[in-house]
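Letters A, B, ... are given to chains in the order of the sequence lines, protein chains preceding strands, and every chain is numbered from 1.
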Number of protein chains: 2
Amino acid sequence: MKVTGDQALVKKINKSIVLHTIRKHSPISRAKVSEMTGLNKATVSNLVAELCNEQLVTEAGPGISSGGRKPLILHFNSMAGSVVGIELGVKQITAVLCDLGGGILEEIHRPLDNHQLPHVLGEMKGMIASLIATAPNTPYGIVGIGAGVPGMVDENGVVLFAPNLGWEMVELRALLEKEFGVPVTVDNEANAGAQGELNFGVARDIRHLLYISAGAGIGSGIIIGGELYKGARGYAGETGHMSIEADGQPCSCGNRGCWELYASEKTYDQPDLHLPARTTPELVRYAEIGQEDALRHFNVMGEALGIGLTNVINSFNPELIVIGGTLSVARDWLIEPLQRVVAERTLPYHKQQLQIIFSELGSRGAMIGAAFAAVMHFLGDTRVTL
Amino acid sequence: MKVTGDQALVKKINKSIVLHTIRKHSPISRAKVSEMTGLNKATVSNLVAELCNEQLVTEAGPGISSGGRKPLILHFNSMAGSVVGIELGVKQITAVLCDLGGGILEEIHRPLDNHQLPHVLGEMKGMIASLIATAPNTPYGIVGIGAGVPGMVDENGVVLFAPNLGWEMVELRALLEKEFGVPVTVDNEANAGAQGELNFGVARDIRHLLYISAGAGIGSGIIIGGELYKGARGYAGETGHMSIEADGQPCSCGNRGCWELYASEKTYDQPDLHLPARTTPELVRYAEIGQEDALRHFNVMGEALGIGLTNVINSFNPELIVIGGTLSVARDWLIEPLQRVVAERTLPYHKQQLQIIFSELGSRGAMIGAAFAAVMHFLGDTRVTL
DNA sequence: CAGACTTTGTATATTGGTTAAACAAAGTTT
DNA sequence: AAACTTTGTTTAACCAATATACAAAGTCTG
């Protein structure tokens, strides 16, 4: 949105800068904040006073002197409120209660076998309610709910299309906001995962990140300039339906030879394929004991992942690629063929700085990212571009 | 860059808003600017006075009353200075002298057959110098030079890699700035084309645009949120080297089955292919008289373009795709197979709003976009995001 | 056609946030 | 013990936007 400048805006910008500086670097002194941001000491003092009043920042006594007066240590008050993050998967729902710093207070799982909207919604509401019930007593209470879903989501939190759930046009945000009366953010599961990795995972402070969520399908979350990119109608990143074989197998999406037919858990569905099991965790166990079919299949999938990744690298040119999702537990068997194919196929200049790593948050990244989106919505963020 | 807020920033923001509002909507009155921007009338008056002093805005007498005092009409002063835009192609160099409004004052072409750096640089310098010599007498004179090149460019204006020219690590910006003593912006030709279409072509005011430059290869310029997106090191958009055939022909880039092997002028190089000619303009002439080999080949290329486009649509989800470059003159024979394939293959939700059109600026888009980049560099742009 | 109303643009006093500079507080170094 | 450092606050000044009043120049209406 285009905004004009006035003093209120200036204050908003600076307050946002101070708050997020403290959030990212606490414990920190006012002097240090002033130095880092370039803001005058007096300005920082005033804004910190307001933030303390609002209980978003707390003062925690004197720190260690570095040759002069002792600094007064400031902390971001993670306990000013809490949020719920919930990830709707195809086979399960997972949810967390987080503080404002992304710290997990409570985590619950529930298997899911029925994808009917009323049932799923009932489960979600039940889980959220039980997490809210366990929430600690905080100044702001529950300040928001963030959800990650395996499908396309528009800017109003409507799930446009979730093929793996059989959903279309589900107004998830409205439904949850009505139920709980707090702001709800709904996002694609891969987008949420990207946010999770960016803020709490292996991708901290990366400017251009590509997060690949490989599981029942393949989705991707795109971070550009430190911010989540969503396409024209809010659902970019359906890279799983990028064709890597122009005349390949037909896909349910209408295209042919889609990446996720070769590099996701959908490969397990091929009936003529020799496999000792049809789920990733089981196949991992077989691979661990050296079962040949499992090893061979992971090798094939790793190569297929690499082929699709190359395409994304050549058009997106990210600094870092993080691979998450349920398939990421097979890291040890996928990474070698994957990196080999990428190294063979990418443009020489891309190889120099690109890193490909697997997620540490695993499948929890999306849930944490969803929670974080809710936190950021609460805290706000105002910035200037030149 | 992260910037703190103070009154100077406020003024900069508002002045930028006023200037660009006048630039885009002139002729316009102060009152109208105030209404459009939300800025106070007095604020607008003050800032306009400064812009008039700086000769960036001119007052052009009274306009037509709408029931009260006549407005004083303001114009953006396109003639406050001029810029040179130059596009380095594989077979030719084209350059323009533009005013600050993107109006073409002078345009020159020169064929190119020798890609040796000293020769190319000499040609470019000669063309720029001759355009500068014809520049009208303006308050600011030549305020910048913008160049579009067929290769990867980093943020310092270094041409990292231009396979079709055989260039590597050419410090084009530094070389030109040293010669002419004005700011130089260097950009990938597809990025420049995207800027051209966004500001002066068929894509005005589109937020998420994908510009495909199809010619000797395929490049793409990506506009996200109204701004040019460049990857981690400034050279995203090499979509031509996206594989659409995992085990296809090997490409000079190291990958296999690259899109541009099937959908660019590179297809003409296949020796076993029956074609009446090996350049796009000639083939177009054959197609016009119904020559079958030409028609068939354009059909095949159109389909191949559609296959690659589908991939980009599924991962980028743009609002609009503009196809430019030298291949765009074959529009009439490419568009049907292209749109057919895209319609067959894209996800249902993508079809709803996506438009695919061919450029009107044709191959001049890149040159105009390069000139525009130089203009924007001169005028500056400060904005706030919430 | 005269008075009322509209629209455009400017002048004036007020507001409010940042800032530099002085200052106070609390430490370390020599 | 005196000098220096570092941290944080107080004070006065500054300056851009703003609301308000006002001036200028038109149209509309009975």
Side-chain angles (χ1 to χ4, degrees), chain A residues 2-19 21-22 25-53 57-75 382 384, chain B residues 2-19 21-22 25-53 57-75 382 384:
Chain A
K2 202 159 193 172
V3 180
T4 61
D6 63 358
Q7 302 211 45
L9 175 73
V10 168
K11 187 168 186 178
K12 210 165 161 186
I13 293 169
N14 291 342
K15 199 166 171 180
S16 175
I17 292 173
V18 169
L19 174 59
T21 303
I22 295 172
H25 300 95
S26 67
I28 188 172
S29 68
R30 288 168 177 79
K32 194 89 190 167
V33 172
S34 167
E35 189 191 323
M36 285 183 72
T37 60
L39 289 167
N40 189 282
K41 289 189 294 177
T43 308
V44 172
S45 256
N46 285 331
L47 295 174
V48 166
E50 286 189 23
L51 291 168
C52 284
N53 271 341
V57 168
T58 51
E59 196 167 276
I64 318 149
S65 162
S66 63
R69 170 175 165 180
K70 285 183 184 169
L72 289 170
I73 298 299
L74 301 173
H75 283 275
T382 308
V384 180
Chain B
K2 202 160 193 172
V3 180
T4 61
D6 62 359
Q7 301 208 11
L9 175 73
V10 169
K11 189 167 185 177
K12 210 166 161 186
I13 293 169
N14 290 342
K15 199 166 171 180
S16 174
I17 292 174
V18 169
L19 174 60
T21 302
I22 295 172
H25 300 96
S26 66
I28 189 172
S29 69
R30 289 169 177 81
K32 194 88 189 167
V33 172
S34 167
E35 189 191 322
M36 287 184 71
T37 59
L39 288 166
N40 190 281
K41 289 189 295 176
T43 308
V44 172
S45 255
N46 285 330
L47 294 174
V48 165
E50 286 189 23
L51 291 168
C52 284
N53 271 341
V57 168
T58 51
E59 198 167 275
I64 318 151
S65 163
S66 63
R69 171 175 165 181
K70 285 183 184 169
L72 288 170
I73 297 299
L74 301 173
H75 283 275
T382 309
V384 180

Let me know the distance between [atom1] of [X] and [atom2] of [N], rounded to the nearest Å.
X        : N       : atom1 : atom2 : value
Lys70(A) : dT6(D)  : NZ    : C1'   : 13 Å
Lys11(B) : dT18(D) : NZ    : C1'   : 15 Å
Leu9(B)  : dT19(C) : CG    : C1'   : 15 Å

Measure from the side-chain heavy atoms of [X] and tell me the nearest of [options].
X        : options                   : answer
Ala42(B) : dT18(C), dA19(D), dT28(C) : dA19(D)
Asn40(A) : dA19(D), dT19(C), dA17(D) : dT19(C)
Ala31(A) : dA16(D), dT7(D), dT7(C)   : dT7(D)
Arg30(B) : dT7(D), dT18(C), dG9(C)   : dG9(C)
Val10(B) : dG9(C), dT18(C), dA17(D)  : dA17(D)

Respond yes when some side-chain nitrogen or oxygen of [X] is under 4.0 Å from OP1 or OP2 of [N], and no when none is.
X        : N       : result
Ser65(B) : dT27(D) : no
Asn14(A) : dT18(C) : yes
Arg69(A) : dA24(C) : no

Checking all strands, does Ser34(A) fall into the base, sugar-phosphate, or nothing category for heavy-atom contacts under 4.0 angstrom? nothing

Give a yes or no on whether a salt bridge exists between Glu59(B) and Arg30(B), defined as a side-chain N under 4.0 angstrom from a carboxylate O. yes

Does a side-chain N-to-carboxylate-O contact under 4.0 Å join Glu50(B) and Lys11(B)? yes

